[in-house]
Q: 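Starting off with a structure, shown below.
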Amino acid sequence: MTHTRVAAIEGWFTLDDEPHLLGTRCSESGTFYFPPETTMSRAPGCSAATLEPVQLSRIGRVWSYTNAGYKPPPPYIAMTDPHVPFVIAAVELIEERIVILGQMVGGVTVDDLAVGDEVEVALDTLHFDDDGNEVVVWKWKPTGRRAEGAQ
């Protein structure tokens, strides 16, 4: 049976084989935003009229990370019962130089990461909806390129 893939949050990422996060950029200041800013710009001298949609780069470096050892509150949808801890990483996109917080793909532990490790955007199944659609989210996935000096 073939499932239709749908984004858990439409307009935040592409559903391509090599997914990208979607953001906006102020054409006046060059400031990037994620999630996409559509009504106003927080950068001085920019307005909603200067915001343009952009496809952000796929690659970043781990800026910080932590273990989510507790079950988040709703609207979080637990995929396992009991809760299985997962890793959350703050990642600085290499080209845009903005830090974006996101979950790491399953199987990655805090022991697998170091600040500066390279990661890329990946898609993962969140759940299947009542219509049989595969609802997907974006996560960070290690590329295998370690930070200099990391074990």
Side-chain angles (χ1 to χ4, degrees), residues 1-27 30-43 46-115 117-145:
M1 180 170 159
T2 304
H3 300 286
T4 300
R5 282 183 126 183
V6 297
I9 304 174
E10 192 172 331
W12 281 26
F13 55 91
T14 67
L15 295 172
D16 305 328
D17 289 338
E18 291 189 351
H20 288 263
L21 297 177
L22 299 172
T24 48
R25 183 175 91 58
C26 174
S27 60
T31 302
F32 288 94
Y33 297 98
F34 180 83
E37 185 66 64
T38 57
T39 58
M40 61 174 270
S41 172
R42 293 169 292 217
C46 294
S47 67
T50 64
L51 293 175
E52 55 191 25
V54 292
Q55 189 169 284
L56 301 173
S57 55
R58 301 187 67 244
I59 305 294
R61 296 209 177 273
V62 174
W63 186 75
S64 183
Y65 58 96
T66 190
N67 187 33
Y70 61 91
K71 181 180 174 183
Y76 177 79
I77 299 171
M79 295 304 293
T80 60
D81 188 23
H83 172 72
V84 174
F86 56 88
V87 177
I88 298 171
V91 173
E92 182 180 35
L93 295 182
I94 291 173
E95 291 180 32
E96 294 85 357
R97 306 287 309 217
I98 61 172
V99 177
I100 299 175
L101 190 65
Q103 188 174 333
M104 295 295 298
V105 295
V108 175
T109 70
V110 292
D111 295 331
D112 300 325
L113 291 177
V115 169
D117 283 357
E118 188 178 274
V119 295
E120 65 184 345
V121 177
L123 298 180
D124 195 13
T125 303
L126 179 61
H127 64 89
F128 289 89
D129 67 16
D130 294 336
D131 296 326
N133 296 317
E134 179 187 10
V135 180
V136 297
V137 294
W138 64 272
K139 294 184 180 180
W140 298 113
K141 177 183 173 185
T143 65
R145 293 186 190 99

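Numbers for residues simply follow the sequence, beginning at 1.
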Q: If you apply the rule side chain to side chain contact (heavy atoms under 4.5 Å, CB included), what do you find for F34 with L21, and how did you get there?
A: CA-CA 8 Å; F34 180 83; L21 297 177; 3.9 Å; yes
Q: For the residue pair T143 and E120, confirm or rule out a side-chain donor-acceptor distance under 3.5 Å.
A: no
Q: Measure the shortest side-chain to side-chain distance between V121 and W140 over non-hydrogen atoms and say whether it is less than 4.5 angstrom.
A: yes
Q: Tell me the closest heavy-atom pair linking L56 and H20, and the distance in Å.
A: O-ND1, 2.8 Å
Q: Looking only at non-hydrogen atoms, find the nearest pair between S27 and E52 and report the distance.
A: CB-OE1, 3.9 Å
Q: Compare every heavy atom of R58 with every heavy atom of P19, then report the nearest pair and how far apart it is.
A: O-NE, 2.7 Å
Q: If you look at every heavy atom in V105 and A122, which pair is closest and at what distance?
A: CG1-CB, 4.2 Å
Q: One pair to check against side chain to side chain contact (heavy atoms under 4.5 Å, CB included): L22 and Q55. What are the steps and the verdict?
A: CA-CA 5 Å; L22 299 172; Q55 189 169 284; 4.3 Å; yes
Q: Could you walk me through whether M104 and V119 pass side chain to side chain contact (heavy atoms under 4.5 Å, CB included), step by step?
A: CA-CA 9 Å; M104 295 295 298; V119 295; 4.0 Å; yes
Q: Where do A68 and I88 come nearest, in terms of heavy atoms and distance?
A: CB-CD1, 4.0 Å
Q: Would you mind reporting whether I94 and E118 have side-chain heavy atoms less than 4.5 Å apart?
A: yes
Q: Go through the structure and list residues passing salt bridge (Lys or Arg N to Asp or Glu O under 4.0 Å) with E96, not counting sequence neighbours.
A: none
Q: Would you say the side chain of L101 lies within less than 4.5 Å of the side chain of Y65, judging by non-hydrogen atoms?
A: no
Q: Under the side chain to side chain contact (heavy atoms under 4.5 Å, CB included) criterion, do D124 and W138 qualify, and how do the steps go?
A: CA-CA 6 Å; D124 195 13; W138 64 272; over 6 Å; no
Q: Between P142 and V108, is any pair of side-chain heavy atoms under 4.5 Å apart?
A: yes
Q: For P36 versus G11, what's the shortest heavy-atom pair and its separation?
A: CG-O, 3.4 Å
Q: Side-chain contact test, heavy atoms from C-beta onward, threshold under 4.5 Å: evaluate it for F86 versus T109 and give yes or no.
A: no
Q: Is there side-chain contact between V6 and E134, with at least one heavy-atom pair below 4.5 Å?
A: no
Q: With R5, which of V136, N133, V135 fulfils side chain to side chain contact (heavy atoms under 4.5 Å, CB included)?
A: V136
Q: Does anything in residues 81-94 pair up under side chain to side chain donor-acceptor pair (under 3.5 Å), and if so which pairs, sequence neighbours excluded?
A: E92-R97
Q: Judged by modelled atom types alone, do E37 and T24 share a side-chain donor-acceptor pair under 3.5 Å?
A: no
Q: Any heavy-atom pair between the side chains of V99 and V91 that's under 4.5 Å?
A: no
Q: When rounded to the nearest 0.5 angstrom, what is the spacing between CD1 in I98 and CD in E95?
A: 11.5 Å
Q: With a 4.5 Å heavy-atom cut-off, do W12 and V137 have their side chains touching?
A: no
Q: Just to verify, what does T14 make a side chain to side chain donor-acceptor pair (under 3.5 Å) with, not counting sequence neighbours?
A: D16
Q: How long is the span from the CZ atom in F13 to the NZ atom in K139, to the nearest 0.5 Å?
A: 11.0 Å
Q: Looking at SG of C26 and CZ of F32, how far apart are the two atoms once the value is rounded to the nearest 0.5 Å?
A: 10.5 Å
